[in-house]
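Quick note: numbers below take in every heavy atom, side chains included, and nothing from hydrogens, waters or symmetry partners. Chain naming here is simple, since letters A, B, ... match the order of the sequence lines and numbering starts at 1 in each.
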Number of protein chains: 2
Amino acid sequence: MVSITDIAHALGITPSTVSRALAGSSRVKEETRIAVEKKAREMGYQRNIVAANLRKGRSNIVGIIVPRIHREFFSNVIGGAENVLGEAGYNVLICQTIESKEAEIKALKTLRNYNVAAVLISHAIESTNSAHIKDSLGSDIPLIQFDRVFPDLPGAKIVGANCDGAFTATKHLIEQGYRKIGTIAGYMSSLAYVERLAGYKLAIESAGLPYDESIVYYDTIVKETGYAACEKALEQGCDALYCAGDFSALGAIEYLKEKGIRIPEDFGIVGTANESFTALMFPSMSSLGQHPFEMGQAAAKAFLEGRTDTQVIPMELHIRQSSNKNNTWQK
Amino acid sequence: MVSITDIAHALGITPSTVSRALAGSSRVKEETRIAVEKKAREMGYQRNIVAANLRKGRSNIVGIIVPRIHREFFSNVIGGAENVLGEAGYNVLICQTIESKEAEIKALKTLRNYNVAAVLISHAIESTNSAHIKDSLGSDIPLIQFDRVFPDLPGAKIVGANCDGAFTATKHLIEQGYRKIGTIAGYMSSLAYVERLAGYKLAIESAGLPYDESIVYYDTIVKETGYAACEKALEQGCDALYCAGDFSALGAIEYLKEKGIRIPEDFGIVGTANESFTALMFPSMSSLGQHPFEMGQAAAKAFLEGRTDTQVIPMELHIRQSSNKNNTWQK
DNA sequence: TGCTAATATACAAACGTTCGCATTAATCGC
DNA sequence: GCGATTAATGCGAACGTTTGTATATTAGCA
């Protein structure tokens with residue numbers, strides 16, 4: 001492995017000059033710089049990033065902490081972040097928490113030890129407050145939160161327009177002529193779900209409909225609980241559900257199909273996340289789409305540009321069969 | 001940031017002893033070790049991994065290079081690898097190539113500069129041979145290949161049982177009573193696709209059917225080309241297709257649905273990869289499933305255990321509506 | 001008591017960079 | 001032609017750890 005010292009010896013100069021030359025410092029002569037670069041190429045020099053990082057006390061690694069790498073939403077966020085960070089010369093170190101607070105703390109400490117340039121995080125469901133975050137990471141590493149954020153932590157935040165989106169989705173159901181619209185809400189420990197519920201409520205109330213707590217199904221996020229919630233919703237006389245997740249919506253559709261209830265004629269469903277299966281299933285599912293790739297890009301840019309504000313990424317309603325009562329089905 | 005030197009000063013001993021104590025070396029007295037550990041806890045000591053890595057000339061980072069992080073298959077492999085490596089105290093640095101050979105070379109060089117403990121790679125489509133790999137990575141870093149592998153490179157390889165799987169899938173189509181079964185093959189530059197084609201051929205021939213090159217559709221991997229290939233297959237009198245990918249199969253199904261051809265009564269389809277949408281779409285798609293999470297785990301373990309052999313991960317045929325002519329539809 | 005062997009710790013050199021400061025060489029103005 | 005200024009490079013310490021070798025201490029034994 002050839003080092004700057006080797007290049008320096010070969011050229012009869014010192015490592016410091018070589019270092020400066022390779023860094024493009026104005027403190028070295030153009031001529032020397034060219035000679036150094038030539039020699040470096042000749043000798044197959046590769047900069048030792050670890051040594052540079054140690055000396056500088058900061059690395060060009062950006063840590064990303066997500067609940068689960070293989071969740072479609074998160075892998076797309078990571079893809080978007082890598083896309084921007086790679087361009088800028090950063091590398092990404094991935095940690096997953098599997099929704100565990102303990103794992104999150106461990107990941108934060110590890111990243112601190114790596115002297116990472118920044119941390120991008122979407123916190124675990126088990127992390128119900130932000131106290132452990134600054135303790136584990138310290139305060140000198142920029143923290144960029146996305147999707148699941150703690151509002152009380154300083155620094156950049158990238159969130160979906162959950163309230164707006166849920167409002168639009170619910171309004172769409174109302175406009176389709178559904179009369180009693182319930183909602184499959186998620187966990188109220190997560191701001192994103194709180195906001196979606198707020199958007200739902202706003203839409204219901206601004207249409208002059210009664211907001212009814214008894215048809216709000218909390219803590220429902222997976223297929224199985226969505227199935228059960230739909231059963232209850234039917235008993236309570238609902239004819240549509242806005243679901244704060246696609247998987248709970250999937251469970252609801254499954255229940256309706258089993259019972260032979262027609263979708264969308266007799267019952268309307270809108271999910272959230274626009275997972276790829278929503279467009280392909282039958283009936284295809286209307287879904288409130290997030291833009292995970294763009295969120296990842298925005299998070300990366302927020303770090304690169306030193307932003308500390310909150311960015312809201314719009315959500316987009318994809319109207320498909322499961323809620324499209326009146327119009328011809330869209331593809 | 002507190003260092004071992006700080007702990008040493010606080011205890012009136014030297015950094016070397018502290019280092020050894022924390023590493024659990026038998027060269028320090030039990031008593032000293034306990035004192036050091038206590039002090040370290042008290043002072044909130046965190047080991048500086050970067051410094052340790054520099055000194056040791058090897059880091060506890062494992063690099064993973066994939067074409068696209070957000071492709072379902074790869075994000076699952078990464079999830080599986082992280083799962084095993086995290087347990088073993090390694091961290092995962094992710095690079096994506098977007099199928100570009102140039103990006104792959106850059107990623108390999110970067111990982112070499114980080115002195116990574118190992119590299120797990122599934123190469124880009126543009127990388128048609130292995131020459132650049134050893135040049136860029138050097139030969140002292142273990143290289144574990146998965147899914148898309150170069151047989152001529154030494155070291156561990158984790159592959160799906162592509163030939164076996166394609167054989168099973170094609171045999172299934174034959175048993176369902178389809179008479180002229182074509183195949184949507186992928187790129188022959190990639191071994192995985194070559195093997196799938198071989199399995200298809202084997203099944204056709206061992207059933208006494210004629211192997212017909214004219215109904216093998218090469219270089220077809222995305223939805224659009226699958227759509228076109230299916231059109232040709234119909235013209236040529238096929239009544240079934242084994243597709244080496246799920247997306248090309250999706251295109252084929254789309255074409256059949258548009259033309260009003262009944263699935264599976266008039267035409268059978270089996271895809272490959274068992275992407276999550278295959279189970280949810282309509283008609284649900286039969287698919288030859290890989291086990292990406294397990295492949296990731298196997299790749300990680302191959303590194304940890306120092307294996308250099310080739311492991312074959314079985315593939316599993318999920319029979320769903322699109323090929324299930326005779327039996328009642330499975331869920 | 002003196003010698004050997006063991007145990008426990010200290011010393012110091014690395015790993016490859018970076019960067020403040022010092023030094024040397026060249027240029028300029030008068 | 002001399003002092004002052006600028007340009008180019010050299011020197012050396014530092015980043016925090018690990019580890020081979022040396023030293024000091026203790027124990028064992030004759």
Side-chain angles (χ1 to χ4, degrees), chain A residues 1-37 39-40 43-61 89 109-110 112-117 138 140-141, chain B residues 1-37 39-40 43-61 89 109-110 112-117 138 140-141:
Chain A
M1 208 77 273
V2 26
S3 73
I4 51 168
T5 316
D6 300 327
I7 300 178
H9 286 157
L11 292 173
I13 56 177
T14 61
S16 14
T17 307
V18 175
S19 172
R20 278 189 263 260
L22 292 173
S25 160
S26 61
R27 282 176 57 182
V28 304
K29 210 169 17 177
E30 179 75 3
E31 194 187 315
T32 336
R33 212 202 67 226
I34 292 175
V36 167
E37 279 169 358
K39 202 75 187 174
M43 302 177 72
Y45 170 74
Q46 300 269 33
R47 179 155 166 276
N48 184 320
I49 308 183
V50 178
N53 288 350
L54 173 62
R55 170 59 228 235
K56 290 200 286 196
R58 180 106 315 173
S59 78
N60 54 348
I61 296 179
K109 286 186 176 169
T110 302
R112 168 150 81 157
N113 293 353
Y114 274 112
N115 287 326
V116 293
D140 49 344
I141 296 176
Chain B
M1 208 78 271
V2 26
S3 73
I4 52 168
T5 316
D6 300 328
I7 299 179
H9 286 156
L11 292 173
I13 55 177
T14 62
S16 20
T17 307
V18 175
S19 173
R20 277 190 261 260
L22 292 172
S25 160
S26 63
R27 282 175 58 181
V28 304
K29 205 163 33 172
E30 179 75 2
E31 193 187 315
T32 336
R33 213 203 65 228
I34 292 174
V36 167
E37 279 169 358
K39 202 75 187 174
M43 301 177 72
Y45 170 74
Q46 300 269 33
R47 180 157 165 273
N48 184 320
I49 308 183
V50 178
N53 288 349
L54 172 62
R55 170 59 229 240
K56 291 200 283 197
R58 181 107 313 173
S59 79
N60 54 347
I61 296 179
K109 287 185 175 170
T110 302
R112 169 150 79 156
N113 294 353
Y114 274 111
N115 288 326
V116 293
D140 49 345
I141 296 175

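Closest contact between the side chain of B:Ser3 and the listed nucleotides D:dT17, C:dT17, D:dG10 involves D:dT17. Considering only side-chain atoms of A:Leu54, the nucleotide from D:dG10, C:dA10, C:dG16 that sits closest is C:dG16. Considering only the side chain of B:Lys29, C:dT9 comes nearest among D:dC11, D:dC15, C:dT9. Nearest to the side-chain atoms of A:Ala51 among the listed nucleotides C:dG16, D:dC11, C:dT9 stands C:dG16. Side chain of A:Arg47, nearest nucleotide from D:dT19, C:dT17, D:dG10: C:dT17.
A donor and an acceptor atom sit less than 3.5 Å apart, one in the side chain of A:Ser16 and one in the base of D:dC11.
Across all strands, A:Ile49 comes closer than 4.0 Å to no nucleic acid atom at all (heavy-atom distances). At the heavy-atom level, B:Ser19 lies under 4.0 Å from base atoms of the strands shown.
Toward the 5' end of DNA chain C, the nearer of the two residues A:Arg27 and A:Ile4, judged by each one's closest nucleotide, is A:Ile4.
With hydrogens and angles ignored, the 3.5 Å screen pairs no side-chain donor or acceptor of A:Thr5 with any backbone N or O of A:Pro15.
For D:dG10, the OP1/OP2 oxygens have a side-chain nitrogen or oxygen of A:Thr14 closer than 4.0 Å. Between A:Tyr114 and D:dG16 there is no side-chain polar atom (N or O) within less than 4.0 angstrom of OP1 or OP2.
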